[in-house]
Amino acid sequence: MPLDLHQDEHIQLWQHADIQMVSIQRHTLAAGAKAFSFSFPSNGFLCTSIGSALMLFDNQIYSAHGMQVFHAAAKSWVELNAGKDGLDFSLVLYEASVSRAAPAKFEAPVHSRKHSFHMPYSFTPAQPTLLYDILEQMHDLSRQQHAMAQFQLKAQFYQWIYQVVKQYHSQSPAPRTTSPVELVTEALEYMLDHYAEPLTLESLASALNCSQGHLSNRFKQVLNRGPIDCLIRLRMEKARKLLAETAISLKTVATAVGYQDVYYFSHAFKKHFGLPPSLLRKQLAANENLTSAAGRNHIVAPDGTCYFDNDNYYQNNDGGSSHMFINKMMVPASLLLAFGLLLGACGSNPTESATGNKGGSATAASQPAATAENDTKPATRIVSTSMGDVEIPAHPERVVTDFYMGYLLALDIKPVGSNGIFMKNPYLADQIAGIVDVGDSLEAIPELKPDLIITGDAKKYEAYSKIAPTIMFPKASDLRDELKQLGIMLNKEAKADSLVQDLDKQVESTKKRIDHIVGKDKTVTVFDGGAVKTLILYGNAFTGRTIHGELGLPMNENVKRDIDPKVGWLQISSEVIGKYASDYIFMAVDAKAESFDYANDPIWNTLDAVKQNHLYEIDGYRFYFSDPISVMGQLEDIADMMEEREKASVKRG
């Protein structure tokens, strides 16, 4: 989330700010904790400090590692899912307005986000300890009730703002995500400029700001050979050119192409071309066509077709590529030619490649075979997405998705990679074998050689699309619409229609099983948190989507009135639960770690639902997921739970 303000404007905005309120909250999530949801009651900062989490921030997915700072406007909502090390985070909330003495440029309309305190942005601080120290001081002051402490808290908030503005605008530009082809192209260009220097894999990787292993893997993925092999090829091609066009000594040639030892150079040259450099020079001198610039044969005929020597990664058609890389991401042919990576320059006979073949044609004999192979391209389809039309495989076989793993499995498409949080979905446990957890790492995805990526993160669309054809699929409010749209895009319309029918049947079956239990004119409330001081109230979204949305179990009037349908949930205090409690209550908890005695709680034991044993604890983690397999599993869980409770009540008489 970038901020659409220059540093001077950002500073001036806060210089003319009137701060009415500052408060700070601190929260800790246990390792692997289920979704923790909240809404910003006012403008504020969310600052993660220790641990990691997957974050859903106003419908955008982010990954938090260590200290990161997010600024959000009032009513922004967040879901946090703690990683394996848990997560500590703080909220710094404030209310502010622009003073009357501010310049006219800050007098934006109330609804405008520009020049206001409502602009969202985020960054990773370069000096996190400075921000952390201020957080600690503000937290200590917030626990003190006297007026002086509140005055100091406001003063510390200005220190916080100073550091936020300073570190946000001094941060280095976000590192550019480099696709495999782009990285290889940059490496080849760097070698072309520095081949005479003593390059090593280590120095090359350092120059390109990546690890040696990562660089080697990308070269093998794109060119089916390592970077040092390509460097040797370049040096040999440069040496052959010097031998053909100059009379300089072998030692000078060796030094000019990066070899300090002429003996080692001669050995490498013979290994590459099949004859020592001195003999090749004699052959070139004897060949009149090659010693005359006007008569020298082209390595590739000017009007002919270039063929790549790695048919797995490059195709001939209009300079295109295989299904792994779209046309614009090809390594330029001029680079491949310079490195001897075209068939005409490095055919099966090295000597013939250096001296020209007998017929004077530079086209390799294997051209027809290569053409035939390149003509057999995988079938593709054009699909319309929110990012425009995208060409994708007609039958994708190696799909990676960050969010839609459950949807794909329901459509009989098993992805090769997905985000680990969705791989922990208990409803999918028997289907995830062989799926790789790629987390939020762009580095891990190319290793899987995907032919299609499906994402719900618009921020990462461009980076993903450089790796493979990518579908941006925004989350919709209706599960059936999502299934049908994905079915159309993935050529699985029949399966999607069948799933919708199965879901409808499951809903009707569940309703029949529980209708006589709930009865008519009864209402249902969905809470999250247990018998605690602050908990979450859900409408027909998130944890309430299956209960209120699919089953249509009615909310009480206060829930309907107070929950913004665009938000779908509300954070409340336990003191007001009586206002929202219904005849039946579903309480989402951490089933593995939490246990609550509602009957003996002084607030909860006053509720009719608790007195009548109509409070059902559900596993909040199981009810977090919204794919069709999970929703049908949740429906089954609800019916089983209510039927078992009813049978137990009958036995007790």
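Note that this is a predicted model, so its numbers are computed, not measured.
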A.B. asks: Salt-bridge test for Asp402 and Lys460: reply yes if a basic N is under 4.0 Å from a carboxylate O, no otherwise.
C.D. replies: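 Salt bridge absent between Asp402 and Lys460.
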A.B. asks: Distance-only, no hydrogens or angles: does the Ser582 side chain make a donor-acceptor pair with backbone N or O of Tyr584 under 3.5 Å?
C.D. replies: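 No, Ser582 side chain to Tyr584 backbone: no donor-acceptor pair under 3.5 Å.
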A.B. asks: Which atom pair, heavy atoms only, marks the closest approach of Arg545 to Phe625?
C.D. replies: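 That closest heavy-atom pairing would be NH1-O, 3.7 Å.
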A.B. asks: Under a 4.0 Å N-O cut-off, is there an ion pair linking Lys495 with Asp412?
C.D. replies: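 Counted as a salt bridge, because a side-chain N and a carboxylate O are separated by less than 4.0 Å.
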A.B. asks: Is there side-chain contact between Tyr538 and Ile563, with at least one heavy-atom pair below 4.5 Å?
C.D. replies: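 Heavy-atom side-chain distance check fails, nothing below 4.5 Å.
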A.B. asks: Tell me whether His395 at atom NE2 has more than 12 heavy atoms from other residues, nucleotides or ligands lying less than 6.0 Å away.
C.D. replies: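 Counting other residues, nucleotides and ligands, NE2 of His395 stays at 12 neighbours or fewer.
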A.B. asks: Under a 3.5 Å distance rule, please check whether Asp627 uses its side chain to pair with a backbone N or O of Tyr407 as donor and acceptor.
C.D. replies: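 Checking the backbone N and O of Tyr407 against the side chain of Asp627, no donor-acceptor pair under 3.5 Å is found.
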A.B. asks: Pairing donors with acceptors under 3.5 angstrom, does anything connect the side chains of Thr28 and Asp88?
C.D. replies: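 Side chains of Thr28 and Asp88: pair found under 3.5 Å.
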A.B. asks: How are the rings of Phe542 and Trp77 set to each other: parallel, tilted or perpendicular (split at 30° and 60°)?
C.D. replies: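 It falls in the perpendicular class, over 60°.
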A.B. asks: Determine, stepwise, if the pair Asn556 / Lys560 fulfils side chain to side chain contact (heavy atoms under 4.5 Å, CB included).
C.D. replies: CA-CA 7 Å; Asn556 77 23; Lys560 284 184 188 177; over 6 Å; no
A.B. asks: So does Lys75 pair up with Asp564, basic N to acidic O under 4.0 Å?
C.D. replies: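 The answer is no: the pair does not qualify as a salt bridge.
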A.B. asks: Is the closest side-chain donor-acceptor distance between Thr380 and Glu391 under 3.5 Å?
C.D. replies: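 Note: Thr380 and Glu391 side chains meet the donor-acceptor criterion.
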A.B. asks: Between Ile517 and Asp515, is any pair of side-chain heavy atoms under 4.5 Å apart?
C.D. replies: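 SC-SC contact between Ile517 and Asp515 ruled out.
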A.B. asks: Does the gap between the ring centers of Phe70 and Phe45 come in under 6.0 Å?
C.D. replies: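 No, the ring centres sit 6.0 Å or more apart.
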A.B. asks: State, with a plain yes or no, whether a side-chain heavy atom of Glu79 is found less than 4.5 Å away from one of Tyr624.
C.D. replies: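 A side-chain contact under 4.5 Å exists here.
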A.B. asks: If you measure only the distance, is there a donor-acceptor pair under 3.5 Å linking the side chains of Ser465 and Thr470?
C.D. replies: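 No, no side-chain donor-acceptor pair sits under 3.5 Å.
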A.B. asks: Hey, are Gln212 and His214 close enough side-chain-wise for a donor-acceptor pair under 3.5 Å?
C.D. replies: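 Side chains of His214 and Gln212: no pair found under 3.5 Å.
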A.B. asks: If we ignore angles and hydrogens, is there a donor and acceptor under 3.5 Å between the side chains of Tyr616 and Asp637?
C.D. replies: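 Judged by distance alone, the side chains do not pair up.
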A.B. asks: On the ring face of Phe219, is Arg225 found with NZ or CZ under 6.0 Å from the centre and within 45° of the axis?
C.D. replies: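 Verdict for Phe219: no cation-pi partner in Arg225.
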A.B. asks: Hey, could you give me the CD1/CD1 distance between Ile467 and Ile445, rounded to the nearest 0.5 Å?
C.D. replies: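 Taking CD1 in Ile467 and CD1 in Ile445, the distance rounds to 5.0 Å.
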A.B. asks: Is there a donor-acceptor contact under 3.5 Å from the side chain of Thr546 to the main chain of Leu635?
C.D. replies: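 Answer holds: no.
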A.B. asks: Atom CZ of Phe586 and atom CE of Met642: how far apart are they, to the nearest 0.5 Å?
C.D. replies: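 With rounding to 0.5 Å, CZ (Phe586) is 4.5 Å from CE (Met642).
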A.B. asks: Counting N and O atoms only, with roles assigned by atom type, does the side chain of Ser509 sit under 3.5 Å from a partner on the main chain of Lys505, one being a donor and the other an acceptor?
C.D. replies: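 No, Ser509 side chain to Lys505 backbone: no donor-acceptor pair under 3.5 Å.
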A.B. asks: Do side-chain atoms of Gln634 reach the backbone of Arg622 as a donor and acceptor pair under 3.5 angstrom?
C.D. replies: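 Yes, the answer is positive, given that a donor and an acceptor are paired below the 3.5 Å cut-off.
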A.B. asks: Go through the side-chain N and O atoms of Tyr621 and Asn425 and say whether any donor and acceptor fall under 3.5 Å apart.
C.D. replies: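 No, because no side-chain N or O of Tyr621 sits under 3.5 Å from a partner of the opposite role on Asn425.
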A.B. asks: Is the shortest distance from a Lys or Arg side-chain nitrogen in Glu550 or Lys511 to a carboxylate oxygen in the other one below 4.0 Å?
C.D. replies: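 Answer for the salt bridge query: no.
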A.B. asks: Let's go through Thr48 and Met67 carefully: what are the C-alpha distance in whole Å and the side-chain angles of both, what is the deciding distance for side chain to side chain contact (heavy atoms under 4.5 Å, CB included) to 0.1 Å, and is it a yes or a no?
C.D. replies: CA-CA 5 Å; Thr48 61; Met67 177 165 274; 5.5 Å; no
A.B. asks: Asp640 vs Arg513, test: salt bridge (charged side-chain N to carboxylate O under 4.0 Å, His left out). Steps then yes/no.
C.D. replies: CA-CA 9 Å; Asp640 289 346; Arg513 292 173 63 184; 2.6 Å; yes
A.B. asks: Report the C-alpha distance between Thr455 and Phe473 in whole Å, list the side-chain angles of each, state the deciding distance to 0.1 Å, and finish with yes or no for side chain to side chain contact (heavy atoms under 4.5 Å, CB included).
C.D. replies: CA-CA 6 Å; Thr455 180; Phe473 191 74; over 6 Å; no
A.B. asks: Is a salt bridge present between Glu397 and Lys414, judged by a nitrogen-to-oxygen distance below 4.0 Å?
C.D. replies: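 A salt bridge is absent here (no side-chain N lies under 4.0 Å from a carboxylate O).
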A.B. asks: Taking the side chain as every heavy atom from C-beta outward, state whether Val416 and Val399 have any atom pair closer than 4.5 Å.
C.D. replies: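 No; the side chains remain at least 4.5 Å from each other.
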A.B. asks: Where do Leu87 and Leu80 come nearest, in terms of heavy atoms and distance?
C.D. replies: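 Heavy atoms only, the tightest pair is CD2-CD2, 4.2 Å.
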A.B. asks: Kindly give the heavy-atom pair with the smallest separation between Pro415 and Met405, and that separation in Å.
C.D. replies: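 Scanning both residues completely, I find the closest heavy atoms to be CG-CG, 3.8 Å.
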A.B. asks: I'd like to know if the side chain of Asn43 and the backbone of Ala74 have a donor-acceptor N/O pair within less than 3.5 Å.
C.D. replies: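 At least one qualifying donor-acceptor pair exists.
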A.B. asks: Where is the tightest heavy-atom contact between Gln221 and Pro446, given as atom of each residue plus distance?
C.D. replies: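 Closest heavy-atom pair between Gln221 and Pro446: NE2-O, 3.4 Å.
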A.B. asks: Where is the tightest heavy-atom contact between Ser418 and Ile435, given as atom of each residue plus distance?
C.D. replies: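 So the minimum-distance heavy-atom pair works out to N-CG2, 4.0 Å.
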A.B. asks: Given side chains that start at C-beta, do those of Phe527 and Ile585 come closer than 4.5 Å, heavy atoms only?
C.D. replies: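 With C-beta onward as the side chain, the pair touches.
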A.B. asks: For Gly530 and Met587, work out which heavy atoms get closest and say how close.
C.D. replies: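 Result for this residue pair: N-SD, 3.1 Å.
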